[in-house]
Every structure is written in C-alpha cells, then in structure tokens.
Amino acid sequence: MSKKVRVRFAPSPTGGLHLGGMRTVLYNYLFAKKNGGDFVLRIEDTDQSRYVEGAEEYIFSCLKWAGLVPDESPIHGGSYGPYHQSERKELYRKYAEQLVKEGHAYYAFDTTEDLEKMRHAPMAIGVKTDHNPSPQYDHNIRMKMRNSLTLSSEEVNKLLTERTNHVIRIKMPEHETVTFIDIIRGEVSFDTSLVDDKVLLKADGMPTYHLAVVVDDYLMKISHVFRGEEWLSSAPVHVLLWKYLFGLNEMPQWAHLPLILGPNGKLSKRDGVKYGFPVFAMSWTDPKTAEVVEGFKEKGFLPEAFINFLALLGWNDGTEKEIFTKEELIEKFSIERVHSGGAKFDYEKAKWFNHEWIKKLNVESLKWKVIEVLKEKGITGIEDAVLEKVITLVKDRCTLLTDFYEQSFLFFKTPEKWDVDAVKPKWNEAKQLFFAELTRNYQLSNDWNAISLEKNFKEIIAMNEMKPGELLLPLRIMLVGGKFGPGVFDIAEVLGKEETLHRIKLALTQFSN
RNA sequence: GGCCCGUUCGUCUAAGGGCUAGGACACCACCCUUUCACGGUGGUGAUACGAGUUCGAAUCUCGUACGGGCUACCA
C-alpha cells in the first residue's frame, strides 16, 4: 500500500556543515534505517555563484565521520542519478514550460534594475510603504511588470526567439488556501494571495530550489521530506507545484524540523567563535580566506556522542534514557516525537554526553583515537600494554578526547619541575629516611604491581609509626611533579620499577636541600 | 510591516484534562577519596500573561506578550 520509504538530505556545497544540517541528516538517516528505507544524498548546486571548492568532499567526510553514510549519492551511486542538480539541468525546463502552458507560470523579462525599482526605488512600482517595507512580485504588481501576462504573445515569442534573458515564475492563485499536514506540526495553511510569484527557472536555465526540490523528489521517489523550519514559508509553493505537476497523491509527507538556536537566537558560525564552542561537525577551512573554523571532531568529540546529543536536541523516546547507541536510536526514533519548538544548543550538555561516551567505550575502541591525540603532542611509540593500562586509568577523567593528553602525559614525561611548596615545609629527616627505605624495598621487589607496592609502602609506614597521609602526597609529587593524576600506586605500576625509582631519586634531591 | 511557526526549571525535556509538575546538564551542599576527577546523597529552580470551556487545565479554545523563521534569478 504505502510506498517504500525514501528520504534525502540535500545540502548545497557552500561551506561548513553545522549542527542543524547534521541533525537533519541524522533524523533522515534514522527514519530511513528504522523503516527499511533508503537515505539519499543529493547535491543542490544550482547556484554556481555560491559554489565553494572542496565543500562537497567535506560534506562526505562529515557524514562518514558521524557514521551516517547515504545509500545513494554522487559517490555511492544509485539508480536515480545523477545526484548533482547541476547535472540534471536539462530536466527542469520541460516542467517549467509545462506549467507555463497550463497557465500556472509565466515568462518574466524584468531586468534586475526593473526589480530593484519595483521594490526599492522612491517611485516604486510596488507598494513599498512603512506598512510594506518589502513589496513582493505578486498578484498585486505582476500586471505592471514585463512578462508574458502583460506582453502580447507576438512580443513574447519575439523575445523568446531572440533569446532575451528571462525567468519563469509561478503564478500564485489569488484567493486559495493551501493546506498540508506537517508530521510534527499538524495542519498548516497559507493564503496564496500573500505568497509571491517565486522564480522557478533562472535566466541561466538553472532551476531554483523550489522547482528542483519538487521535480527531483518526484523523480527520485522521495516519500518523506524532513528539512529545516526555514523552509516552512515556501512550503505552499512546493505544495502547489506538486499539485500542478504530479498530483497531490504523489506528494511526499512533510516534516519541518525546529531550528537549533545559539545563545542569542539562531545558531551561527559566529556564535561558535564568540563563545568558544564548535558549530561544524568537522573543521572547515574557507578556501578563499584560509579561515579555519574548528569542528566537533577536532575538538575531541566522539562520533557516538555527537549523534547522541544531536538526536536528543529536539527528540526523546518518552523515557528518561539519554545515552543511546546508533542502533538504539534507529530502533527508538520516531519523527512524531520530534519537538515543534526550537532548541537552544547547550555546549556543557554536549560535553557531558562525550564524557559519558568516553567512560562507556572500551579501551580497544578508544585506543587509536588516543594514539592520535598523543601523537599531536609529540608522544609516540608507546607500548601497547602500557597504553591500555593508561587509558583504563584516565578515561573516567576525560571529557574530550584531547583531555587524554593532559591526563596521561605524566606517564610519558619525567617531571622537570616539582610542586616543592606542597612538600618542603613539612619535610624532615624521618621522611628522608622513609623514602630511602622505600627505595631499597622497591628495588628488591619482583612483584611490581599497584597492590603490592601499596602493601609494601604501608608496611614500612607501620614499622616506622608514621601516617600514610604525610607520605602519600610527597610520593605523588615525586612521581608526577604535582597534585594530579590517578592513584599513586597505579602510576608507579605503569611507570615500572626503573622509572619509578629514577623519579623518586630525582625528586629527593629537590626536597632535601 | 506582512505571513508562518513556536512558548514547562538558566539549558535540553517528561507529563497528550486529575499533579507533591518528573528526569538530565549546569549550579550549591554533604559523603567517598589525606591529589584531582569519577561515583553517591540531598538542595535551589519552571508551566509567559489574561480570559473562556470543564467538577477539574501545563494539557482544549480565544486574545495579548515575547521569541524565531520567511519576505532574492541563495539554498
């Protein structure tokens, strides 16, 4: 009965892929997978003037990183290609002309100057007033412009055969109400008199978004369209186009996703730089200005955490569960449970998700990412067994992957400075002797692990009638230089006998003089 | 300005006529830990406002306010 679920994400390759876009991808992907459907990626590159070098490859990288790989796309292929709208250019004119023939659209020959005059000039043809600061090209003024509605057919034919620059505009009906059902908002309606005659086909022969979405969604057999709320206003144009071209029965179901907001309204790239959090999935370098905007990946986010918090930004499964794997999200997701209200992005909460995921993931899955982080900082060639122990010891203390450096460098770098102020004031002969004895003891140890190291330490303390608290801190500072790090004996175990004794010896010279 | 969408703790949200309005992040306190985290316990904190419908409204209706989006030969 119902047709196969096919959804699409249709970005234009103009730069960084931000949170809102990624969430749209996610919801499309989850919905497709949940319903055994296809997720297609179509590149909306009908505006050559906005084409940005590398942006398309970048989009694929982001999807790959997040694990949201399309079933069909320019690089994955598929039987509904081509998947670049620019390569489908010849397709669209036919539909636009069909609309003209049927009286739903018309040729318009107005120049940019004409339009400028219509909208903004002092003696505007449009009805620009304080009450109407931006007059539209609509039923009120279309009969005052140069188009196939006002020109004789001879004149129109002449202009057309002379290949005069022209566009094709939709002729919005005057007093109709267009109503459609939005899956997450319910019934939405518009008075067509208030919608302008949108350009369908541009002077360069390329379609605008409005024509292209409808034609491509039809040709690609798209069953559900999930897109940002910013498209809601132009939905009546799309609905009408469906009605005229392919029939309302063929029309996909719509869902307009709420916007993701920043600290002051709509989330923007600027919010990110201003408040110090990423807004793009991955770092994006503007090819013209060489400006780099850091992404979630580079900031130290796990893809698992990224899609988890993105999914929860506007959706929940109705329970109090917050940590979801991708598989769980696929199982639980439903578009009906998506909120209608916009959601303000909370970076603190995003970090919390990442922390939860670092704690949740096992050492094996974290390993290569930690190696990358350490490599960035010049720490390489770590023995596998050591690295695994280190990760186990510090992962609970890392919120971002990049924290692995701050939390674990102490294992790989012998301290050069010590927090002597924390030790020296209370330093005395007895402590000096204690560490001499501890060193001798450890030297002889052939059971080098945290438990026996601690046991030996405590035994010596007991024999000398000392307090553990007075000696634990000095030992820590000897080993790592300051008041930080995991358990002291765990550190010593990982460091090994030689390095541990070396560090004690080195530090002792600092405390005793 | 017009049109459209939205409005529960600071933030993300649950509760789709009956509730002490629940959870999470953040924040605060205490506990654990003689490093710091993690963890545990508890706390502060919300239904924008006004009418109406109803025995009863965060939940339904209307109005107001506020917020957002759109108003290009950009998507």
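As the structure is a prediction and not an experimental result, all values here were calculated from the model. Residue numbers begin at 1 in each chain, while the letters A, B, ... track the order of the sequences.
- In this structure the side chain of P252(A) never reaches within 4.5 angstrom of the side chain of Y218(A), judged on heavy atoms.
- Here the P atom of nucleotide rC4(B) and the CG atom of L232(A) are 10 Å apart, to the nearest Å.
- In this structure, K351(A) places its NZ atom 15 Å from P of rA37(B), rounding to the nearest Å.
- Backbone-only contact: H355(A) has heavy atoms under 4.0 Å from sugar-phosphate atoms and none from a base.
- One interatomic measurement links the two molecules: CH2 of W315(A) to P of rA14(B), which rounds to 11 Å at whole-angstrom precision.
- Donor-acceptor pairing under 3.5 Å is lacking for the side chains of R185(A) and H256(A).
- Nucleic acid contact for G314(A): sugar-phosphate only, since backbone atoms but no base atoms lie under 4.0 Å from a heavy atom of the residue.
- From F226(A), atom CZ reaches atom CD1 of I335(A) across 4.0 Å, with rounding to the nearest 0.5 Å.
- Residue G482(A) is classed as having no contact, given no heavy-atom separation below 4.0 Å to the nucleic acid.
- L240(A) and P173(A) make their closest contact through CD2-CD, 3.7 Å (heavy atoms, listed as atom of the first residue, atom of the second, distance).
- For E113(A), the side chain to side chain donor-acceptor pair (under 3.5 Å) criterion is met by T111(A), not counting sequence neighbours.
- Between the NZ atom of K426(A) and the P atom of rU35(B) there is a distance of 12 Å, rounded to whole Å.
- When each of R169(A), Q136(A), R142(A) is paired with D197(A), the side-chain hydrogen bond (donor to acceptor under 3.5 Å, both in side chains) condition holds for R142(A) and for no other.
- For E116(A), there are no salt bridge (charged side-chain N to carboxylate O under 4.0 Å, His left out) partners two or more places apart in sequence or in a different chain.
- Between the CZ atom of R337(A) and the P atom of rC12(B) there is a distance of 17 Å, given to the nearest Å.
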Shorter than 3.5 Å, N or O on both sides, protein versus nucleotides 71-75 of chain B: list them out with atom names.
from, atom 1, to, atom 2, distance (Å)
rU71(B), O2', Q136(A), OE1, 3.1
rC73(B), OP2, R169(A), NH2, 3.2
rC73(B), O2, A203(A), N, 2.8
rC73(B), N4, D110(A), O, 3.1
rC74(B), OP2, K202(A), NZ, 3.0
rC74(B), O2', D47(A), OD2, 3.2
rC74(B), O2', R50(A), NE, 3.1
rC74(B), O2', R50(A), NH2, 3.3
rC74(B), O2, R50(A), NH1, 3.2
rA75(B), OP1, T46(A), OG1, 2.8
rA75(B), OP1, K202(A), NZ, 2.8
rA75(B), OP2, Y209(A), N, 3.3
rA75(B), O3', E44(A), OE1, 3.1
rA75(B), O2', S12(A), OG, 3.0

Distance-only donor-acceptor pairs under 3.5 Å for side chains of residues 405-418 of chain A, two or more places apart:
from, atom 1, to, atom 2, distance (Å)
Y405(A), OH, K413(A), NZ, 3.1
S408(A), OG, F404(A), O, 2.4
T414(A), OG1, E499(A), OE2, 2.7

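- Across the P atoms, rG52(B) and rG2(B) are found 29 Å apart, a figure rounded to whole Å.
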Anything under 3.5 Å between a donor and an acceptor, one on a side chain of residues 471-488 of chain A, the other on a protein residue two or more places apart or in another chain? List them.
from, atom 1, to, atom 2, distance (Å)
R476(A), NH1, F484(A), O, 2.5
R476(A), NH1, G485(A), O, 3.3
R476(A), NH1, P486(A), O, 3.2
R476(A), NH2, P486(A), O, 2.9

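- With sequence neighbours left out, Y27(A) forms a ring-ring contact (aromatic ring centres under 6.0 Å, His included) with F333(A).
- Between Y106(A) and the choices V100(A), L149(A), L99(A), V156(A), the side chain to side chain contact (heavy atoms under 4.5 Å, CB included) rule is met once, by L149(A).
- Every pair passing ring-ring contact (aromatic ring centres under 6.0 Å, His included) that includes a residue from residues 195-217 of chain A is listed here, sequence neighbours excluded: Y209(A)-W231(A), Y209(A)-H238(A), H210(A)-H238(A).
- The side chain of H339(A) lies closest to rA14(B) when the candidates are rA14(B), rC4(B), rC12(B).
- Not counting sequence neighbours, the partners of H84(A) by the side chain to side chain contact (heavy atoms under 4.5 Å, CB included) test are I43(A), D45(A), E56(A), P74(A), S86(A), E87(A).
- V480(A) comes within contact range of no nucleotide atom at all, as no heavy-atom separation falls under 4.0 Å.
- Taking a 4.0 Å limit (strictly below) on heavy-atom distances, residues 211-219 of chain A does not reach RNA chain B anywhere.
- Pair assignment for rU8(B): none, as no Watson-Crick or G-U wobble contacts are both less than 3.5 Å.
- If you measure from atom CD of Q407(A) to atom C1' of rC38(B), you get 11 Å, rounded to the nearest angstrom.
- Between K344(A) atom NZ and rG6(B) atom C1' there is a gap of 14 Å when expressed in whole angstrom units.
- The separation between F404(A) atom CZ and rA37(B) atom P is 18 Å, rounded to whole Å.
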Worked check of salt bridge (Lys or Arg N to Asp or Glu O under 4.0 Å) between K198(A) and D196(A): CA-CA 6 Å; K198(A) 291 254 186 302; D196(A) 63 333; 2.5 Å; yes
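- With both pairing distances under 3.5 Å, rG1(B) is matched to rU71(B) as a Watson-Crick or G-U wobble pair.
- F190(A) comes within 4.0 angstrom of sugar-phosphate atoms only, judged by non-hydrogen atoms across all strands, and of no base.
- Across all strands shown, P236(A) has no heavy atoms under 4.0 Å from either base or sugar-phosphate atoms.
- Counting non-hydrogen atoms under 4.0 angstrom, S189(A) reaches the backbone sugars and phosphates but no base.
- When each of rC38(B), rG6(B), rC12(B) is scored by its nearest atom to the side-chain atoms of S340(A), the top-ranked nucleotide is rG6(B).
- Both tests hold for K360(A) against W357(A): distance to the six-membered ring centre under 6.0 Å, angle to the ring axis within 45°.
- Partner assigned to rU20(B) is none, using Watson-Crick or G-U wobble distances below 3.5 angstrom.
- With sequence neighbours left out, F434(A) forms a ring-ring contact (aromatic ring centres under 6.0 Å, His included) with F457(A).
- Across all strands shown, rC49(B) pairs with rG63(B); the Watson-Crick or G-U wobble distances both stay below 3.5 Å.
- Candidate nucleotides rC5(B), rC38(B), rG68(B) were compared by shortest atom distance to the side chain of L259(A), and rG68(B) ranks first.
- Put simply, N316(A) has a side-chain N or O that comes within less than 4.0 Å of OP1 or OP2 on rA14(B).
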Annotated protein contacts, base or backbone, on nucleotides 22-32 of chain B with a non-hydrogen cut-off under 4.0 Å, one of B, S, - each: SSBB-------
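- When distances are taken from the side chain of L473(A) to each of rC38(B), rC5(B), rU35(B), the shortest belongs to rU35(B).
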Set out, line by line, the N/O atom pairs under 3.5 Å between protein and nucleotides 40-50 of chain B.
none

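- Side-chain proximity of K483(A) to the nucleotides rU35(B), rC38(B), rG68(B) is greatest for rU35(B).
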